[in-house]
There are 2 protein chains.
Amino acid sequence: MVEGVPAEGGLRERKKRATRAALVEAAVRLAVERGVENVTVDAISAAAGVSTRTFFNYFDSRDEVFVMVGSDSSDRVCRAVLAAPPGPAPLEVLRDALAAELEEVEQQQEVWCLHAEVLRKAPQLLARRIGAHMADELGLAEALAERIGAGSPLFAEDRPAFASPEDEERRRALELYPRLLAAVGGTAVRVAVEHWSVRQDRTRFTDVFRETFEHLAAGLPEPPATAGRRS
Amino acid sequence: MVEGVPAEGGLRERKKRATRAALVEAAVRLAVERGVENVTVDAISAAAGVSTRTFFNYFDSRDEVFVMVGSDSSDRVCRAVLAAPPGPAPLEVLRDALAAELEEVEQQQEVWCLHAEVLRKAPQLLARRIGAHMADELGLAEALAERIGAGSPLFAEDRPAFASPEDEERRRALELYPRLLAAVGGTAVRVAVEHWSVRQDRTRFTDVFRETFEHLAAGLPEPPATAGRRS
DNA sequence: ACGCAAAACTGCAGACCGTGCAAAAATCTG
DNA sequence: CAGATTTTTGCACGGTCTGCAGTTTTGCGT
């Protein structure tokens, strides 16, 4: 068997990856064929050539096999945020970190469109997908917080228990902002993907993505098209 | 039993509401007692005094009983958006519509905090909660679109199939903005609730909520506390 | 090449979830 | 009260997911 990658790791690792990929591939293929709801774990496992029990050694639930696409993205985004130069505004840092990761979306159009189609027809799976992103959100919020307030005495572990009300207030605000930024950023990505996936032939994803962040950076004012488009 | 509302409808309606409330109450109580994962449908049904089968006449899934709090809020928010005076910016309209609905949060502190606690310990349920809000999001996006672009010829059903690229572009932008606004608004509410529910004794929810929307309206710039707080 | 230890796969039993169906009970209508 | 409508309920059935124990496969030192 010819491998595109130089066969990292031993035979064990390769087989595990192969089985995992086979399960995902079988699941998506069956879902497109007969609809997500009519795809049982038994069918997926049989199509992938493993036992039903083995399926649950790879995925915690049946739905997970449909949402496990690009699940390792969040780590890279977090690292990109932490590694960003100290210059630009937090929103720009987040935008660029996400954009770098999302370039893969346009390159792997087929996979993403197929998954987007599957997810669009199954709201419950979409919910689970969002849920998968929520854990990411916490990590991302921490990364953003460190990017912003690194070394702030307000975050010291051994701060006095009875800080002044002003400091408490400022600390509270410092906790709120990164969380909001992370959550809004994730939401912007979701909206951009949903919007683009229904009219991909007309627009490049990058443009839609940039447009969402322009809206955010501008404070979500009245849309340009209503008041006369100014690029 | 004293009713706050004058017992609308006949005996049937009242009994249905009572059963529904009993199921929710039993579910939340059991969840706080022994953890969400250790609460079976059988236990909930038994505690509510109905059969297991009846539970599924009220909720489509076990998890739904935990996320069905304030599920009728979205309609009122949509109506508030549509009924808003034509003056203020869309973001303000959305903020005020949500704020009016969220006043109930502070009044029913106990219920919301209990639910927030349950949801915090169960990420999967939080995901489902978000999913429940996603349908709302579509309706809210439509309401916002109507609030903004009512009567715009770009949205006419019988528009020419081959509109000019410029019009297509503008129409696309008009579709993106309301969706983004609705999604971001929902996210802001979620972040505000989560943030407030962990330190409710220190701050009023209204203040946290307003602060999130101040961040949004300002375009999510560097947080004030880092650069020196200016109220 | 051989054999042992670790890891993975598998079948099985069992609890739980969720649905369709039809009978029984409760409620509404006249 | 009688009939129509709605709700509740029990039952059967298929699907999801977990723990356990036995078997097979892989990694590795000799």
Side-chain angles (χ1 to χ4, degrees), chain A residues 1 3 6-24 26-28 30-31 33-68 118 122-125 127-129 131-132, chain B residues 7-24 26-27 30-31 33-68 118 122-125 127-129 131-132:
Chain A
M1 181 189 287
E3 297 282 353
E8 271 183 58
L11 178 58
R12 251 194 177 110
E13 287 302 318
R14 258 184 301 140
K15 268 206 163 184
K16 281 190 74 168
R17 269 199 293 269
T19 301
R20 198 182 187 80
L23 284 171
V24 170
V28 173
L30 289 173
E33 249 175 45
R34 57 175 92 157
V36 184
E37 293 314 309
N38 303 324
V39 178
T40 67
V41 176
D42 287 341
I44 299 172
S45 309
V50 297
S51 73
T52 304
R53 188 64 185 81
T54 297
F55 176 94
F56 289 105
N57 288 343
Y58 282 88
F59 303 96
D60 285 341
S61 78
R62 162 189 171 279
D63 292 351
E64 199 173 350
V65 77
F66 294 115
V67 302
M68 269 300 194
V118 169
Q124 51 158 20
L125 291 186
R128 208 172 258 261
R129 183 106 172 91
Chain B
E8 275 184 53
L11 178 59
R12 261 209 176 108
E13 288 301 319
R14 259 184 300 139
K15 269 206 163 183
K16 281 190 73 169
R17 269 199 292 270
T19 302
R20 199 183 187 79
L23 284 170
V24 170
L30 289 173
E33 247 176 46
R34 59 174 92 160
V36 185
E37 294 313 309
N38 304 324
V39 178
T40 68
V41 176
D42 287 337
I44 299 171
S45 309
V50 296
S51 73
T52 304
R53 187 64 185 83
T54 298
F55 177 93
F56 290 106
N57 289 344
Y58 282 89
F59 303 96
D60 285 341
S61 76
R62 163 190 170 279
D63 293 350
E64 200 171 350
V65 77
F66 294 114
V67 302
M68 270 299 193
V118 169
Q124 52 160 31
L125 291 187
R128 211 173 256 263
R129 183 107 170 92

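All values below come from the heavy atoms of this structure, side chains included, with hydrogens, waters and symmetry mates left out. For clarity, every value in this text was computed on a predicted model and none was experimentally measured. Convention: sequence-line order gives letters A, B, ...; per-chain numbering from 1.
- Here T40(A) lies in heavy-atom contact (under 4.0 Å) with sugar-phosphate atoms only.
- Along DNA chain D, read 5' to 3', the first and last nucleotides having any atom under 4.0 Å from a heavy atom of chain B are dT5(D) to dC11(D).
- Spacing between atom CG of D63(B) and atom P of dC17(C) amounts to 9 Å, rounded to whole angstrom units.
- Nearest heavy atoms, A48(A) versus L23(A): CB-CD2, 3.5 Å.
- Between the CZ atom of F56(A) and the C1' atom of dG14(C) there is a distance of 14 Å, rounded to whole Å.
- Counting non-hydrogen atoms under 4.0 angstrom, T52(B) reaches nothing in the nucleic acid.
- Take the nearest nucleotide of DNA chain C for D42(B) and for K15(A): the residue whose nucleotide is more 5' is K15(A).
- The shortest non-hydrogen separation linking L30(A) to A47(A) is CD1-CB, 4.3 Å.
- Looking at which nucleotide of DNA chain D each of V50(B) and R12(B) is closest to, the 5′-most match is held by R12(B).
- Rounded to the nearest 0.5 Å, atoms NZ (K16(A)) and CD (E13(A)) are 6.0 Å apart.
- Comparing dA26(C), dT10(C), dG18(C) by their nearest atom to the side chain of N57(A) picks out dT10(C).
- Between Y58(A) and the phosphate of dA8(C), there is no side-chain N or O to OP1/OP2 separation shorter than 4.0 Å.
- The distance from the OG atom of S61(B) to the CZ atom of F66(B) is 10.0 Å, given to the nearest 0.5 Å.
- Here the nucleotide nearest the side chain of R62(B), chosen from dC16(C), dG18(C), dT27(C), is dG18(C).
- Considering only heavy atoms from C-beta on, F55(A) comes within 4.5 Å of V65(A) through its side chain.
- One atom, CZ of R20(A), and another, P of dA8(C), lie 12 Å apart when rounded to the nearest Å.
- What separates CZ of F55(A) from C1' of dA8(C) is a distance of 17 Å, to the nearest Å.
- Distances shorter than 4.0 Å separate none of the side-chain N or O atoms of S51(A) from OP1 or OP2 on dC9(C).
- For the pair F59(A)/V24(A), a side-chain contact is recorded, criterion being any heavy-atom separation below 4.5 Å from C-beta on.
- Rounded to whole angstrom, the span from the CZ atom of R53(B) across to the C1' atom of dC17(C) amounts to 12 Å.
- The shortest side-chain heavy-atom distance between V36(A) and R62(A) falls under the 4.5 Å cut-off.
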